[in-house]
2 protein chains.
Amino acid sequence: MVIKVFIVDDHYMVIEGIRSLLQNEKSIEWMGHAMNAASCMAFLQQQQPDVILMDINLPDMSGIDLCKEVKMKYPSIHIIGLSSFNQQSFIQKMLDNGASGYLLKNATREELVYAIETVIEGEIFLSDEVELTVQKNEDSKIPIITRREMEVLLLIADGLTNNEIAIKLFISTTTVDTHRKNLLAKFEVKNTASLIRMAAQIQLIPYIKPKN
Amino acid sequence: MVIKVFIVDDHYMVIEGIRSLLQNEKSIEWMGHAMNAASCMAFLQQQQPDVILMDINLPDMSGIDLCKEVKMKYPSIHIIGLSSFNQQSFIQKMLDNGASGYLLKNATREELVYAIETVIEGEIFLSDEVELTVQKNEDSKIPIITRREMEVLLLIADGLTNNEIAIKLFISTTTVDTHRKNLLAKFEVKNTASLIRMAAQIQLIPYIKPKN
DNA sequence: TATAAAATCCTGTTTTTAGGGGATTGTTTT
DNA sequence: AAAACAATCCCCTAAAAACAGGATTTTATA
């Protein structure tokens, strides 16, 4: 049985690299690629692969969210997260959202093929290095914040004060203050500067600054 | 005349992708790859390519430094910086260190080939999107801050208060406050959150957080 | 050597955040 | 059904940052 593989990545060179690596694998069928979340979803309406290799950074949506959406509509598709970085927080989120594995972009052909074969069996695959990190970082800080906290965080990053945020979210200023306190506690920092820095570094804050 | 190309990148998939993209180009000869700065330098002792495609992120040394080193010893080699991100600060540093071009990893085969051909002619090549960024940022706000303001900015990002910064720099708290005010003015923001966000986004703040 | 720019310091006031306590109402999850 | 979590709200105090308006000295640079 041939495993049908599809890839979602906005880097042409990575797509080409994976295609090239899988070219001579007789057990794997290359279904094509998408360079963003929207065209991925469009493709899936026509055909369903067995495995999707999915970059965590996409131009229109994070791979983490796309993963969730795909698994919601097509639970039988196995998703392998793909990224350059060995970041536990992303890996965890991908897995939480239904991904079956996580592969670093410096993986070899053998790893790639093995990953695909593993997730098809219903098992979880993680890159060697990733597993190490997961272990190492287990005890360290990967703040898990709630949806509301995330909203507040983004508005803080946009430069709004507690009062302005309260008005925008139709809640009391004291509530905003509580969310803010919880954010500081979860990130284990003592002020806004460190909070925003950390959040920016773990890519919680979108790069393009929305006006006002 | 055949252009000899070598690549330095720690992502196997990217190496493979570029190799695959250049495979059928008769005017280009693939010399091989290195996955870190050390083996790149070792390779160059044996053979010299005409063009090196060099990732800015390498495990043992930044591409920016490696670029400088290579150009020092082998001035005739043309270097094209390679990265996933469209970050003006890196691009500028690569060019300052002697690189002849900058290519994003989502470049097409045509762009890649054109880039190689362009730098061989002694010209500078920049990805379309990169040029846009350079242009866009030209007239827009790239705040020019002084050395002292930079020091203060980094300490703010580290979570220090004005008072703590004052102690660390052996200056008065009011001076720190003045620097801070100037930073806010130069960045055209009204609070620390926005300041740190912007600074992080234009890569003014180092990624690895130094302890304390 | 003017002149500009950078770095230093000051006195105020107002606004915002941080830190310490709570508490209530829903909604998941076990 | 109980426990845990999320979201909401409150009080109070202290610390920090933002805003306004200065000034002096040192260091580049035209």
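Just so it is clear, the values below take in all heavy atoms, side chains as well, and ignore hydrogens, waters and symmetry mates. Being a predicted model, the structure only gives us computed values, none of them experimental. Numbered from 1 within each chain, the chains take letters A, B, ... in sequence-line order.
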**Prompt:** In this structure, are over 12 heavy atoms from other groups packed under 6.0 Å from Tyr114(B) atom OH?
**Reply:** no
**NZ/NE/NH1/NH2 to OD/OE distance under 4.0 Å, Lys105(A) and Asp9(A)** = yes
Any side-chain N or O of [X] under 4.0 Å from OP1/OP2 of [N]?
X	N	value
Asn162(A)	dT16(C)	no
Thr192(A)	dA18(C)	yes
Thr146(B)	dA7(C)	yes
Arg148(B)	dT8(C)	yes
His179(A)	dT8(D)	yes
Thr175(A)	dA7(D)	no

**Request:** Please check if any side-chain donor atom of Asn163(B) sits under 3.5 Å from a side-chain acceptor atom of Thr173(B), or the reverse.
**Result:**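 The answer is yes; a qualifying pair exists.
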Return the value, rounded to whole Å, for the distance between atom [atom1] of [X] and atom [atom2] of [N].
X	N	atom1	atom2	result
Lys190(A)	dG20(C)	NZ	P	12 Å
Arg147(A)	dA6(D)	CZ	C1'	11 Å
Asn182(A)	dA18(C)	CG	C1'	13 Å
Asp177(B)	dA16(D)	CG	P	13 Å
Ile165(A)	dA7(D)	CD1	C1'	15 Å
Lys181(A)	dT8(D)	NZ	C1'	13 Å
Arg180(A)	dG19(C)	CZ	C1'	14 Å
Leu169(A)	dA7(D)	CG	C1'	12 Å

**Prompt:** Hey, does Asn163(B) reach any base, or is it just sugar-phosphate, or nothing, if we go heavy atoms under 4.0 Å?
**Reply:**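 No contact.
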Nearest-neighbour nucleotide for the [X] side chain, [options] considered:
X	options	value
Ser172(A)	dC9(D), dT17(C), dA18(D)	dC9(D)
Ile171(A)	dT8(D), dT16(C), dC19(D)	dT8(D)
Thr161(B)	dT17(C), dA17(D), dA18(D)	dA17(D)

**Request:** Taking the side chain as every heavy atom from C-beta outward, state whether Arg148(B) and Ile171(B) have any pair of such atoms under 4.5 Å apart.
**Result:** yes
**Prompt:** Between Thr178(A) and Glu164(B), who's closer to the 5' end of DNA chain D by nearest nucleotide?
**Reply:**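 Here Thr178(A) is the residue nearer the 5' end.
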**Prompt:** Rounded to the nearest 0.5 Å, how far does CG of Asp177(B) lie from CG of Asn182(B)?
**Reply:**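 Those atoms lie 9.5 Å apart.
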